[in-house]
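Notes for the one structure printed next.
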Amino acid sequence: MAEPKTNELMEKIVSLCKRRGFIFQSSEIYGGINGFWDYGPLGAELKRNVKELWWRSMTQERGDIVGLEASIIMHPKIWEASGHTSTFSDPMVDCLLTGKRFRADQIEPLSGTILNFVGAADLASFRQLEEGQAQPERSPAWSRPDCAPLLRTIFENYYSSTDAKLGGGHLGLTGERQLQAFQNLVAKGIFQSASIQPFSVLMVPGKDQKYAYRIAREFYQKRSVADPIVIHKSSEPIENTQRYNPENGSLLTEPRQFNLMFKTYVGPVESEENVAYLRPETAQAIFAQFKNVLEVSRQKVPFGICQIGKAFRNEINPRNFTFRSREFEQMELEFFIRPDEVVEAISSRIAKGSEIGIRNSEFGNSDWGWEAWHKYWVEQRIRWYESIGLPRATLVEYWQKPEELAHYARATVDILFKFPFSKRDDRGELAGEELEGIAARSDFDLSQHQRFSGKAMGVFDEELKVAWAKLDEATKKELGRRYHDARFKYLTKSGVPAEQAAQEAKADADGLAKGQYIPHVIEPSAGVDRLILALICHAYSEDQAPDEKGKLESRAVMRFHPRVAPIKVAIFPLLKNRPELVRKAGEVRELLRPHLTVFYDEVGAIGRRYRRQDEAGTPFGVTIDFDTLGEKGPELKDTVTLRDRDSMKQERVEIGDLLPLLLEKVR
Ligand code: ATP
């Protein structure tokens with residue numbers, strides 16, 4: 001069965017992460033804190049490598065992207081402009097039985113039969129009333145004129161609370177009359193303990209009524225009905241409901257919206273005006289600093305600004321190890337592009353997404369509109385994942401459906417990785433979970449900041465000004481109309497009154513002739529921690545390797561791509577009690593250390609030492625042995641054994657060739 005295997009695999013991965021120091025639970029000595037994780041020595045190296053490679057591929061390796069490192073706490077208006085204050089929330093539900101919290105939209109849809117309960121009464125007080133029917137003096141309620149008819153109605157027709165087949169403890173009151181009688185009696189305080197809180201339980205196939213009654217009894221017990229007989233009102237079939245806890249069938253609370261931003265106060269006074277938020281994404285700082293960066297970087301649209309940094313979300317249900325955390329890191333790029341009308345004015349055409357091969361962005365892209373740029377970035381990002389060791393086959397390119405898109409987004413592609421805990425699709429294939437989203441966000445973000453800050457976020461584009469002057473009147477009119485309509489739509493959707501929106505949109509469209517516009521943006525937004533988890537899951541494997549005596553034993557090996565591997569080379573003197581070997585190994589370590597992350601290990605049998613490095617994912621091992629010292633003849637003097645982690649093949653390499661050879665392999 002797939003399910004236990006998946007869990008077993010994740011358990012092994014989590015355990016290796018802890019044992020080898022990739023990832024620890026935060027504050028573990030105090031029992032941990034849900035949704036927070038620490039990276040140990042190997043994890044920290046792995047993470048640094050990944051961030052370094054992303055940064056290099058975005059900035060150093062191309063000329064059209066610059067970096068930013070902004071503060072985590074920013075002016076709270078930023079989050080009003082971005083929409084986070086009002087809409088960055090998830091629907092939250094709680095299990096009415098256990099109190100466990102879920103994200104409403106992530107609940108597995110289930111089908112079955114619902115059993116509805118209207119309340120419960122304590123068995124002892126119910127029995128007392130029942131007996132009172134024969135001896136009213138023992139139960140004064142029967143002598144109360146307002147209660148006796150109600151009691152009679154109840155006891156007219158109920159089936160046994162001790163019905164063994166159904167597990168007892170329930171009361172079937174069949175008609176509305178009886179239910180009302182029960183509620184009235186509870187309201188009059190006739191039962192010593194009772195509850196009229198409605199509740200229901202979903203019976204999925206395989207569960208019986210006995211189970212549902214047990215869950216209902218537990219529910220009412222928690223509401224101070226010591227030995228409840230539950231009042232069952234009705235049953236009904238249901239399909240694909242998300243209103244019940246998949247773990248126990250209990251009804252959930254109604255969904256409530258919960259804002260995910262962590263709130264804090266700036267300065268000593270905890271008042272409303274000092275409220276600030278830990279940023280829930282790094283992107284907004286890029287928009288807020290757009291004009292400053294543009295001025296100092298001598299870039300022109302199209303160009304990008306990228307940032308790596310911490311983000312915080314008070315996730316309702318952190319889960320799947322580090323996949324959904326409350327503190328995590330993002331690597332985000334905002335790539336600013338010309339609006340399509342501007343591209344058309346300059347190039348007299350717009351390349352369709354389907355037309356473009358993936359060219360280097362610095363060449364021949366003047367006819368690229370948002371579709372081409374979006375396609376370009378999706379492909380660029382997938383290639384980057386491949387370059388760090390996640391093959392295309394482990395990834396899924398998911399194009400969001402129109403109804404899933406944010407209102408300002410023209411297209412969004414999620415790059416998913418097939419994690420072991422991913423759900424399976426209809427064909428039994430892992431469906432994948434989001435690593436990165438690549439969104440074509442129009443000019444929404446800069447426009448929002450322009451409206452909220454009152455500062456102009458547009459750019460001046462000399463090429464547009466020149467091109468516009470040469471356009472015929474009909475084209476000017478047509479492009480101007482399209483730009484006007486897009487601006488008008490944005491403004492009215494944002495709540496600007498129609499008359500004012502019309503004026504502003506006209507001014508914006510008139511700006512085209514002066515070479516002015518608000519850039520659009522393509523946003524590839526990736527999570528570092530999810531990527532680290534993907535790399536770890538993909539790297540983890542088990543195989544057989546010979547021990548010292550040549551006997552095969554199973555080994556866990558992390559097959560990281562050498563580019564991301566935390567340690568690149570391990571150095572082993574064959575024996576630690578031979579000073580010549582140790583000295584030579586020390587020399588090799590010093591030779592490599594300035595250029596590569598090395599790990600020196602002289603403890604234990606060589607096979608054990610290899611095994612330890614296999615678990616750390618070290619791609620290469622260098623052993624200094626007696627041949628190195630020339631003890632077996634001059635031809636092998638100053639050569640070492642270089643062992644490859646994956647093939648376990650060993651080759652003899654001259655110490656002098658070691659550094660260039662290894663650098664070649666890890667770059
Ligand atoms: P999800 O739907 O999984 O909550 P999202 O669509 O809200 O993610 P974005 O706002 O697009 O995510 O954030 C961009 C990236 O940041 C995601 O692709 C993911 O890699 C990362 N990320 C978002 N939330 C978390 C989290 N709670 N823990 C770890 N990484 C996260």
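Numbering of residues begins at 1 and proceeds along the displayed sequence. Just so you know, these numbers come straight off a predicted model, no measurement behind them. Whatever order the structure lists them in is the order used to number ligands and atoms, beginning at 1.
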Which protein non-hydrogen atom lies closest to [atom], naming both residue and atom, and how far is it?
| atom | answer |
| --- | --- |
| atom 16 (O) of ligand 1 | Q330 NE2, 3.2 Å |
| atom 2 (O) of ligand 1 | E434 OE1, 4.1 Å |
| atom 20 (O) of ligand 1 | L435 O, 2.8 Å |
| atom 14 (C) of ligand 1 | S525 OG, 3.0 Å |
| atom 21 (C) of ligand 1 | G527 CA, 3.7 Å |
| atom 7 (O) of ligand 1 | R313 NH1, 3.1 Å |
| atom 19 (C) of ligand 1 | R530 NH1, 3.4 Å |
| atom 22 (N) of ligand 1 | F328 CE1, 3.5 Å |

Consider every N or O of [X] and every N or O of ligand 1, then say whether any pair is closer than 3.5 Å.
| X | value |
| --- | --- |
| E315 | yes |
| F323 | yes |
| S325 | yes |

Q: Using only heavy-atom distances, determine whether the side chains of Y517 and E341 contain a donor-acceptor pair under 3.5 Å.
A: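 There is no such pair between these side chains.
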
Q) Is K310 atom NZ crowded by more than 12 heavy atoms from other residues, nucleotides or ligands, each under 6.0 Å away? A)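 Count over threshold, so yes.
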
**Q.** More than 12 heavy atoms of other groups within 6.0 Å of E403 CD
**A.**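 Yes, CD of E403 has more than 12 neighbouring heavy atoms, counting only those of other groups under 6.0 Å.
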
Q. Testing R279, H449, H84, E332 for side chain to side chain donor-acceptor pair (under 3.5 Å) with Q284, which one passes?
A.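 One option only clears the test, and that one is H449.
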
Q. Would E379 and R392 satisfy salt bridge (charged side-chain N to carboxylate O under 4.0 Å, His left out), going step by step from the backbone distance to the final call?
A. CA-CA 11 Å; E379 181 59 24; R392 212 170 264 255; 2.8 Å; yes

Q. Does even one non-hydrogen atom of E436 get within less than 4.0 Å of ligand 1?
A.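 Checking ligand 1 against E436, which is what was asked, there is a heavy-atom contact under 4.0 Å.
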
Q. Touching ligand 1 at all, D529? Heavy atoms, strictly under 4.0 Å?
A.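 Contact check D529 vs ligand 1: negative.
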
Q: May I ask you to check whether F336 and F290 place their ring centres under 6.0 Å from each other?
A: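 Ring centroids of F290 and F336 are less than 6.0 Å from each other.
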
Q | Stepwise side-chain hydrogen bond (donor to acceptor under 3.5 Å, both in side chains) check, Q400 with D414 | A | CA-CA 7 Å; Q400 287 191 8; D414 291 335; 3.2 Å; yes

Q: Evaluate the side-chain proximity of L260 to F258: yes if any heavy-atom separation is below 4.5 Å, no if none is.
A: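 Yes, side chains in contact.
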
**Q.** Contacts of R243 that satisfy salt bridge (charged side-chain N to carboxylate O under 4.0 Å, His left out) - sequence neighbours left out
**A.**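 Salt bridge (charged side-chain N to carboxylate O under 4.0 Å, His left out) list for R243, sorted by chain: E254.
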
